[in-house]
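Only one structure is covered here, and it is reproduced in the block below.
Chain naming here is simple, since letters A, B, ... match the order of the sequence lines and numbering starts at 1 in each.
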2 protein chains.
Amino acid sequence: MSAASGTRERILSAPLYKYVIETLIDRIASGELAPGIMLPSEADLGAELGVSQGTARKALIDLERRGIVRRRQGVGTFVAARTPESALFHFFRLRNPDGSHSVPELEEESVRRRKSSKCERETLFGRPDHVFEIERVRSIDGRRLVHEISVVPTPLFPGLPERSPLPNTLYVLYQHAYSIAIVQANENIRAVSGTPRVCERLGAAAGLPMLRVDRMARDLSGRTVEQRTSHFVTGNHCYAVELT
Amino acid sequence: MSAASGTRERILSAPLYKYVIETLIDRIASGELAPGIMLPSEADLGAELGVSQGTARKALIDLERRGIVRRRQGVGTFVAARTPESALFHFFRLRNPDGSHSVPELEEESVRRRKSSKCERETLFGRPDHVFEIERVRSIDGRRLVHEISVVPTPLFPGLPERSPLPNTLYVLYQHAYSIAIVQANENIRAVSGTPRVCERLGAAAGLPMLRVDRMARDLSGRTVEQRTSHFVTGNHCYAVELT
DNA sequence: GAGTGGTCTAGACCACTTT
DNA sequence: AAGTGGTCTAGACCACTCC
């Protein structure tokens with residue numbers, strides 16, 4: 001191990017594989033390694049970074065667990081692409097009663113720029129003074145069931161309003177147009193009576209029980225880049241969650 | 001490796017570490033390794049099972065990831081105990097607005113034995129003809145906010161009604177009295193108007209929006225051993241979820 | 001100091017996929 | 001056949017905890 005510890009700055013005995021992880025995340029975040037691209041083999045990666053194949057392997061396994069790369073035996077390791085499907089079903093948890101997916105369709109959309117609230121400044125990366133607010137209505141099987149308001153900092157998403165209409169899945173746009181990969185989110189779920197505004201947008205009866213989901217979404221580097229409040233009319237549909 | 005593959009039945013080239021995992025799970029499930037007990041060291045475990053320390057280590061890491069054991073550097077690996085606290089906060093996801101926990105207190109409880117429904121027979125392990133139904137009301141900060149109905153197969157939980165009043169956290173009882181460790185659950189969440197029965201139990205206004213959470217809980221061996229329907233009055237409280 | 005888990009290495013062979 | 005990830009080994013040293 002003396003050879004390895006000499007070739008690199010080992011800061012305070014931080015594990016070597018974390019250095020490998022950080023290096024790879026930097027390359028992916030910078031766009032040097034774009035989604036879909038194949039990474040070097042474990043052996044090559046280890047050789048390049050001056051670590052053993054086993055250490056490179058450990059880093060790659062960790063990245064796969066976090067959904068950042070995908071590995072296929074006999075083929076290689078690839079930077080995970082947020083395809084519309086995977087992004088949708090990973091972060092869009094509404095399911096049919098039998099557990100199957102229904103693809104939600106976009107019905108209405110509006111994008112505006114406005115000053116950020118105090119709360120948004122405290123949560124979002126970069127403490128932005130201004131944010132883009134994206135309001136959307138989605139329907140499932142022809143019924144308007146979903147209302148979303150996504151808030152993102154303007155500095156990270158230049159020119160976003162001009163891109164309207166935005167794609168069905170925002171996270172795909174974030175990745176392709178802005179090299180921001182959403183990999184983790186925290187959600188707080190409540191049952192509420194639909195607010196007049198939301199009910200009006202969804203054409204729902206006033207006071208109908210709805211799921212209100214407040215999400216904070218983070219990118220590769222752990223920066224909170226989106227705040228989102230969704231309302232779901234869950235008739236026969238369910239919000240599916242797994243506890244492990 | 002020839003030595004290793006000779007000492008054990010390696011069925012169809014299943015990974016060795018899975019054999020280690022299965023062995024340990026069997027010992028834990030059978031009660032031979034009770035919660036809180038310290039496992040052998042990686043080296044000893046490997047020696048006993050005829051695998052290398054590294055292979056034993058891989059199995060232990062997997063078991064820790066699944067919440068089945070707990071490892072502490074310099075101390076050892078221990079069978080995870082479902083303490084009231086860990087069970088509560090792992091599977092009880094209601095949080096204060098600031099994200100902190102409040103301990104829910106038990107207000108009312110009733111346990112009865114009844115015939116199982118068709119759906120329960122299809123879901124629960126053993127296709128039981130009869131189930132125990134545990135109905136409970138919980139309060140947080142003095143307000144009755146939670147109503148739960150848990151359904152378990154009678155064959156797995158003999159004498160359960162005689163144990164009433166049951167402890168605050170059922171999963172602790174399952175583990176200590178019946179050697180059944182709940183390690184995984186799937187939940188389907190909906191927003192509903194409180195049913196008359198639930199509203200009456202909670203002393204809530206009829207039609208109040210509530211979270212309805214349908215849970216299927218599985219044990220170490222992946223058997224579905226409990227079906228639970230909870231209703232939450234989420235005023236300022238949230239149901240917290242993490243997506244990764 | 002003794003014992004534990006945590007990290008790392010170097011090399012081997014296997015299983016899978018593609019050419 | 002060549003190249004990839006998947007498994008496994010054996011041995012080393014480090015960091016942590018407890019006595």
Any side-chain N or O of A:T77 below 4.0 angstrom from OP1/OP2 of D:dT4?
no
OP1 or OP2 of C:dT7 versus the side-chain N and O atoms of A:T55: is any pair under 4.0 Å?
no
Could you say whether B:I61 or A:V75 is positioned toward the 5' end of DNA chain C, judged by the nucleotide with the nearest heavy atom to each?
B:I61
Rounded to whole angstroms, how far apart are CD on A:Q73 and P on D:dA2?
19 Å
Rounded off to whole Å, could you give me the CE-to-C1' distance for the B:M38 and D:dT17 pair?
11 Å
For C:dT4, does OP1 or OP2 lie under 4.0 Å from any side-chain N or O of B:R72?
no
Which part of the nucleic acid, if any, lies within contact of B:R57, taking any heavy atom under 4.0 Å across all strands shown: a base, the sugar-phosphate backbone alone, or nothing?
base
I want to verify a distance call: between D:dT9, D:dG5, C:dG6, whose nearest atom is closest to the B:S52 side chain?
D:dT9
Find the distance A:Q53:CD to C:dA12:P and express it as a whole number of Å.
13 Å
Measure from NZ on A:K58 to C1' on C:dG6 and round the result to the nearest Å.
7 Å
Rounded to the nearest Å, what distance is computed from the CG atom of residue B:L60 to the P atom of nucleotide C:dG5?
7 Å
Ignoring hydrogens, what is the shortest heavy-atom contact between B:E32 and B:I37? Give both atom names and the distance.
O-CD1, 4.4 Å
Using whole Å, what does the distance between atom C1' of nucleotide D:dG5 and atom CG of A:L45 come to?
13 Å
Ring of A:Y174, cation from A:R163 - is the NZ or CZ under 6.0 Å from the centre and inside 45° of the axis?
no
Side-chain contact check for A:V51: nearest option of C:dT7, C:dT9, D:dG6 is C:dT9
Side-chain contact test, heavy atoms from C-beta onward, threshold under 4.5 Å: evaluate it for A:N188 versus B:R95 and give yes or no.
no
On DNA chain D, compare the nucleotides closest to B:Y17 and B:G74; which residue's is nearer the 5' end?
B:Y17
A:R71 has an atom CZ; how far is it from atom P of C:dC16, in whole Å?
16 Å
Taking the side chain as everything from C-beta on, heavy atoms only, tell me whether B:F157 gets closer than 4.5 Å to B:I180.
yes
So that I know where these two stand, are B:F232 and B:Y239 an aromatic pair - ring centroids less than 6.0 Å apart?
yes
In whole Å, I'd like the distance from the OH atom of B:Y19 to the C1' atom of D:dT7.
16 Å
